[in-house]
Structure formats: C-alpha cells, structure tokens
Peer 1: 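Input: one structure, supplied below.
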Amino acid sequence: MAEQQAATVQLTLADGSVRAFPAGVTPRQVAQETGMPVDELVCATWDGELIDLDRPLETDGRLGWVDAASDQGLEVIRHSTAHLMAQAIKRLYPEAQLAIGPPVENGFYYDIDLERRLTPEDLEKLEEEMRRIVAEDLPIRREVVATDEARRLFQELGESYKLEILAEIDDPTVSLYRQGEFVDLCRGPHVVSTGRLGAFKLLNVAGAYWRGDAQNKQLQRLYGTAFPTQEGLEAYLQLLEEAERRDHRRLGRELGLFSLMEEAPGFPFFHPKGMVIRNELEALWRQEHIRRGYQEIRTPILLSQELWLRSGHWDHYRENMYFTQIDERPFAVKPMNCPGHILLYREGVKSYRDLPLRFCELGLVHRHELSGVLHGLLRVRAFTQDDAHLFVRPDQIQEEVEGVLELMDRIYSLFGFSYQLELSTRPENSIGTDEMWEQATGALRQALERQGRQYRVNEGDGAFYGPKIDFHLRDSLGRTWQCGTIQVDFAMPERFELEYVGPDGNRHRPVMIHRAIYGSLERFIGILIEHYAGAFPLWLAPVQGVVLPVAEAHAPYARQVWERLREAGFRVELDDRDEKLGYRIRQAEVQKVPYMLVVGGREAETGQVTVRRRGEREQVTQSLEELVATWREEVAARR
RNA sequence: GCUGGCGUAGCUCAGCCGGUAGAGCGGCGCACUCGUAAUGCGCAGGUCGUCGGUUCAAGUCCGACCGCCAGCUCCA
C-alpha cells in the first residue's frame, strides 16, 4: 500500500484543481493529458520555480505553465538560443572556450574566448550552423551530476571558464544540459529541443571582460536576439532599423541642428536651427517655472577650488571635473550648479517666510566623461542642466516634492512621454549621517506614495549627497531615457551651515531639493529628435513653413506672404529657387517642414494660400489670415 | 580609459596584389518658366584624419597619436 502511495503525486494545476499522477510524470505529459496546447508551452513552474517540460515530478506540488508569449517564456527561448549559438560555435571553432551566455533585455549573448576575431561573415556562418542544429531537432536534456563529476567533465573538455564558475559553486550537485554532442553547465530551464527554436538573428560581436573586470582577459561577446515567432523577430529588426533611421546624430546633421567636431570632442555646436529648438524649450521652461514661483538665477562656470572641497565634490567627484588656475589661485569648472546656488542662498539672512525659496538656472556644467562613452548629444562633456534648488523647511519637503512631480507631468505630457519612476538609495561613497539618509529617503517615498505613484527601488544608486527619484521617459519607439530627477539633500545645507530664522527667532537648517526636468537640454533635444524622427510639432519646428511660388511670376506675391507670416512672428522660409514645384516640395518634406504654402496665379488673385501639411497629400486653400489664426492656436497649445 | 572596427569631396560611398583619386547626392553656372516628393546639360570641389617610418614609388604596408562607431551593467 505504502508503495502505491509513493507512486503517485498530487498536482495542483493552474486552474486550481488537484489531480493525481504517477510519480515521475513530466509537465509535458500532464499538459498532454489535461489538454494544454503543448506546442505553445516553453517550460513550466513547479511551486513557483521555473523547470523544464521534461523534468520528472516526484513530489506533490503546484504546477504552472509558461508560454512563449510570457516574459519568462521569452527569456527561456533566448537562453536556449544562446546555447544553440554556443553549440554552433563549438562545431565551427572547437578550440573556442565558453564563458557565460545569459538572456538579456533584447536578446542574449555568449562570451567566448577564441583567438580568431569573428567577423560579420562568421556570424552568418554561425547562423547557418544554428539552423542546421534546429533542423536536427536535438532533444535538450537536463542532467544532474555531482559537482566533482562536472569538474572532471569540463576539465576534459578544456573549458577553463566553466571550471572557474564551478570553483565557486558549493552545492554537491549541479545541472548540465545536453543537446546532441554539446553540453553546458547551466541552471536552465530550456525548451525541450532545438527544433523549438528558429526565430533568431545574430547581431554583432563586441569585446567584454571576463566577469566584467578590466583586469581580466577580454573575451568576444556575440550578441543575438530571438523571439517565439518569426513575426516577432522581424518586428524587432524593423524597430532597430527605425531607430537607426531616427538616430539624432544623423538627423542632426541632415536637418542642420547641431554638429560635433574633432576640435571639441563631447562639446556640441548648435546651428541656428538647433538653437530654435533650444530656445523654445527654454521659453516653455521659464513660463512653467515662473508660474510656479521659481526665481531664475545665473551662477558662474568657474568657482574657486575651495568651494568644491567644502561641498564634497573634490572628494567624491574629482575625476569628473576640470581644473584651472587664475592668478595662481586654483579654480574648478562647475560639474553641478548646487554650490553656486548655495552661495546665493547665503547672501543675507533668510527668514522662514522666505521659504520655500525656489532658485532655478539653466546652468552650463562640464563633466569629464570617459572618451569611450561619448555619444552624440546623449552623452557629452558640457551640457546645460535645467536645474533648480528648492530651499525648504523640513515640513515643506513633501509638498514641494509633489509640486515637482506635478510640474514633470505637465512638461512631459506636452511631448507625449509617459514615464517610470525609480527611487535610488544611499550609495557606498556618500556623505551625511544614516539618520539624514533615512529621513531624506523617507520623504521621497512618502511623496510618491501619497500620490499613489508606482516606482521601482534602485538600491545604492543615489547621488553622493542624497537619495533621488529618477524619471525614465518612454519615447515613441518604446525606448526609455533617464531625464528628470528629484534629490533630497540634508548634507549640503549642513556642510555650508545654511540657516533661516524661524518663527521662534532661532536659527534652523533648511533642506535642499535638487531637481531637473529635461535633465540636460542637449540630451533632451537628442531624445526629442529621435522621438519625433525630426518631424517637430509646429511650436518647436526650426522652420515652420515654406512659401513656394509655383513659377517665377508668382514670386512677388510669395514674398508678400512670406513677409506677412514673418511679421506675425513665424519662422518661415521662401523657396523661390528656379526649380520645379515638385522638387521644392520634396525638399521641404525631406527637411520635415510642417507646412508648405503653395502660391500661384489663383492664390495671388484671391489673397489666399494653398496649405499642404507635412506628410499629407490633401490640401486646403485658405486666406492668409485664417492660416495665421490656425498657426497661432497650434503654437499656443504646443500641439 | 580598455578591446575591436572604422577615418577618401559638404553627405553617402567605390578605389584589386603599392604605380600618383572616382561615382551619386549636394553646391555653382546655363537652358527650361514649370500647380504638389528629385528637369536636362555643364563646371568646380580631395595635402585620402595627423605625424613618423618602410619603399624607386604609399589612399593602399608598418608604428604612434587624434577622432568616430560598437561593446565593456546583465554572472551557470
């Protein structure tokens, strides 16, 4: 009797029902018997843990399903594809040693140690080999072996990186995965056979250090991506192409917005058209800040080195700073605006009635970033922060943080960005007491929670002087960018002995809230270029309209139209070049000008313009005054 | 910063095994005077990133430097 009991297991299925199965039954068999679409399943969960579909079940438990459409399923597919690639690598280059091969955000990679430098053509050959292995439809089998045995195996195979990994494993057993002649040390789970894979593409090769440490040997990292379906893969590859088409470095050049030159690496030049965008962003920013009681200031770019010693930047930020000398006195180029704002705060005695005091500045800061990380406008060495420092009483923190959250919503929504929030806590190399950090972190958390906001916690990623809330914008391609930030700081007021006189006549210490919305004007502009693919809304467009006379005879009227629109305050160009109308329309389209205004004999007679919108074929003929009214409304609404 | 790749006309790119530089687009000129995404013809434009080396000869080979691109965070 006892034997019979041991021979069955009670499984709680996804629908909540409990059924008995013979011990050693596999999830795949259960799926078949319960009518699950087995082909759509990637693996299973066993009491919450991911397992293979062919894992024998020996005890009672809760069985769940993971299909290809789920995030977990996708990860498993990618992980299995990484193994598939590794097998192909070993077939083509038996001398290659395998390091690690995990799934990552948009695919997977495998780090390998191989003398030969792999080229894109090699990737194609690898892909072909992978397809062969898929066609072979090799079962992928999990095997549990003693750790010592695994050591012997990888010793024999000459896989020294696997041995290094094994050396750190204390468990008595480890799991291996075998598919055909290939075996890898792996926790799993994996799909049941190589035939289940197929929608993949190898993307590129890059260098990566073993264990991410520059002291270690540099390996070749092969990146690829994989999806449950060919359509999913193609959609992703299209997204990559679209992202390339929108690359702000390319559009910035094509649309004449900005330049980066060898003479000033990491220090962008703005062209007249790029400046228009900048100025419009600044105008919006000022409007929204003044409305909310901020006061704009401007502080110097060079400040005495002593100030940076006192602020803690010397100790915590020196490697990122530029230094110079003036009359033999050491100065630093500011990497942040806060010390300057603090100096202004300290001018004169502050009363509790002055608080909250909201200083804002479009402050140009310089930071020495590693040469290898520079990237267009998105990672530069000089940039303009739309910075503000709120000097507040401790009891005002929450309300002020909530005010900033509201301002962020206002500005981001104008551009159609949604965002995610991240709360970053105390990093290792930081100033201030534990108590201060707890208080500051608590204040941020409270503001978030009171507003019912969703947020993620990022342990140890705060600024050296305080915790922060970061805003990760989601753009029109679904990519995320870190822009806004709110940081609560008890440390700087302490260091600089900031004070205000309270209602009790005593001196009290204010709290500082650092915050930025765009983050950096340069970066934000780069993001906007990609977000809009260069097709800016009317209020931001460097050129809002082009007047196009049909033929030379219409040039005088076109000039009148052009002048009238410029008088009305719009950025309009006149294209009366001796070219066909179709050609000039194409030019305006390529330059992504929002409005094309065609004028010929008909329009000249009636005092009208024929309006063609960017990207549209239909057009309307309307009076100039009607057009001005529409534009005014469109610009005012920043649509 | 590190590793790998790349650097030729304003832009995109060709240029074999070393023999002295080419196209398209753009620009300029001329013709056409044109009604909605590229009219035709012609002309100009390059110390081949910089410096040094090898060679009778270097865009091409070697070295250094500068810049750009990708990656360097994801831990069986």
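In what follows, chains carry the letters A, B, and so on, assigned in the order in which the sequence lines appear, proteins first and then strands, with residues in each chain numbered from 1. If you're wondering where the values come from, they're calculated on a predicted model, not measured in any experiment.
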Peer 1: What does Gly601(A) touch in the nucleic acid at a heavy-atom separation under 4.0 angstrom: a base, only the sugar-phosphate, or nothing?
Peer 2: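 Base, at least one base heavy atom under 4.0 Å.
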Peer 1: What about the rings of His366(A) and Phe383(A), do their centers lie closer together than 6.0 Å?
Peer 2: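 No.
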Peer 1: Pick base, sugar-phosphate or nothing for Arg253(A), based on heavy-atom distances below 4.0 Å to the nucleic acid.
Peer 2: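 Sugar-phosphate only.
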Peer 1: Under 4.0 Å between a side-chain N/O of Tyr583(A) and OP1 or OP2 of G35(B), yes or no?
Peer 2: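 Answer no for this pair, as no side-chain N or O of Tyr583(A) is under 4.0 Å from OP1 or OP2.
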Peer 1: Tell me whether C25(B) sits syn or anti, counting syn as a glycosidic angle within 90° of 0.
Peer 2: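 Base orientation relative to the sugar is anti.
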Peer 1: Just name whichever nucleotide pairs with C68(B), Watson-Crick or G-U, keeping both distances under 3.5 Å, else none.
Peer 2: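 Partner of C68(B): G5(B).
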Peer 1: Could you check whether Leu374(A) gets within reach of a base, just the sugar-phosphate, or nothing at all, counting any heavy atom under 4.0 Å?
Peer 2: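 Sugar-phosphate, backbone atoms only, no base.
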Peer 1: Please classify the nucleic acid contact of Tyr177(A) as base, sugar-phosphate, or nothing, using heavy-atom distances under 4.0 Å.
Peer 2: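 Counting heavy atoms under 4.0 Å across all strands, no contact is made by Tyr177(A).
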Peer 1: What is the nucleic acid contact for Gln220(A), judged by heavy atoms within less than 4.0 Å: base, sugar-phosphate only, or nothing?
Peer 2: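 It contacts nothing in the nucleic acid.
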Peer 1: Reckon Glu168(A) touches a base, only the sugar-phosphate, or nothing at all at heavy-atom distances under 4.0 Å?
Peer 2: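 Since no nucleic acid heavy atom lies under 4.0 Å of Glu168(A), the category is nothing.
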Peer 1: Contact class for Ile165(A) vs. all strands (heavy atom < 4.0 Å): base, sugar-phosphate, or nothing?
Peer 2: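 Result for Ile165(A) = sugar-phosphate.
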Peer 1: When all nucleic acid strands are considered with a 4.0 Å heavy-atom cut-off, which category describes Arg577(A): base, sugar-phosphate, or nothing?
Peer 2: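 Result for Arg577(A) = sugar-phosphate.
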Peer 1: Answer with base, sugar-phosphate or nothing: what part of the nucleic acid does Gly582(A) contact at a heavy-atom distance below 4.0 Å?
Peer 2: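 Gly582(A): backbone/sugar contact only, no base atoms under 4.0 Å.
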Peer 1: May I ask you to check whether Trp631(A) and Tyr595(A) place their ring centers less than 6.0 Å from one another?
Peer 2: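 For Trp631(A) and Tyr595(A), the ring centres are under 6.0 Å apart.
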Peer 1: Would you tell me if any nitrogen or oxygen in the side chain of Tyr109(A) comes within less than 4.0 Å of OP1 or OP2 on A70(B)?
Peer 2: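 For Tyr109(A), the contact criterion (side-chain N or O under 4.0 Å from OP1 or OP2 of A70(B)) is not met.
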Peer 1: Students often get this wrong, so: under 4.0 angstrom with heavy atoms, is Glu369(A) touching a base, only sugar-phosphate, or nothing?
Peer 2: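 No contact.
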Peer 1: Counting side-chain heavy atoms from CB outward, which of A76(B), G1(B), G71(B) is closest to Val174(A)?
Peer 2: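 Among A76(B), G1(B), G71(B), the one nearest the side chain of Val174(A) is A76(B).
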Peer 1: Does A76(B) have its OP1 or OP2 closer than 4.0 Å to a side-chain nitrogen or oxygen of Arg187(A)?
Peer 2: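 Checking A76(B) against Arg187(A), a side-chain N or O does come within under 4.0 Å of OP1 or OP2.
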Peer 1: Checking contacts here: which listed nucleotide (U33(B), C74(B), A38(B)) is nearest the side-chain heavy atoms of Pro102(A)?
Peer 2: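 It is C74(B).
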Peer 1: Using the ring centroid of each side chain, check whether Phe227(A) and Tyr236(A) are separated by less than 6.0 Å.
Peer 2: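 Between Tyr236(A) and Phe227(A), which both carry aromatic rings, the centre distance is below 6.0 Å.
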Peer 1: Got a salt bridge between Glu459(A) and Arg426(A), using NZ or NE/NH1/NH2 to carboxylate O under 4.0 Å?
Peer 2: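 No salt bridge links Glu459(A) with Arg426(A).
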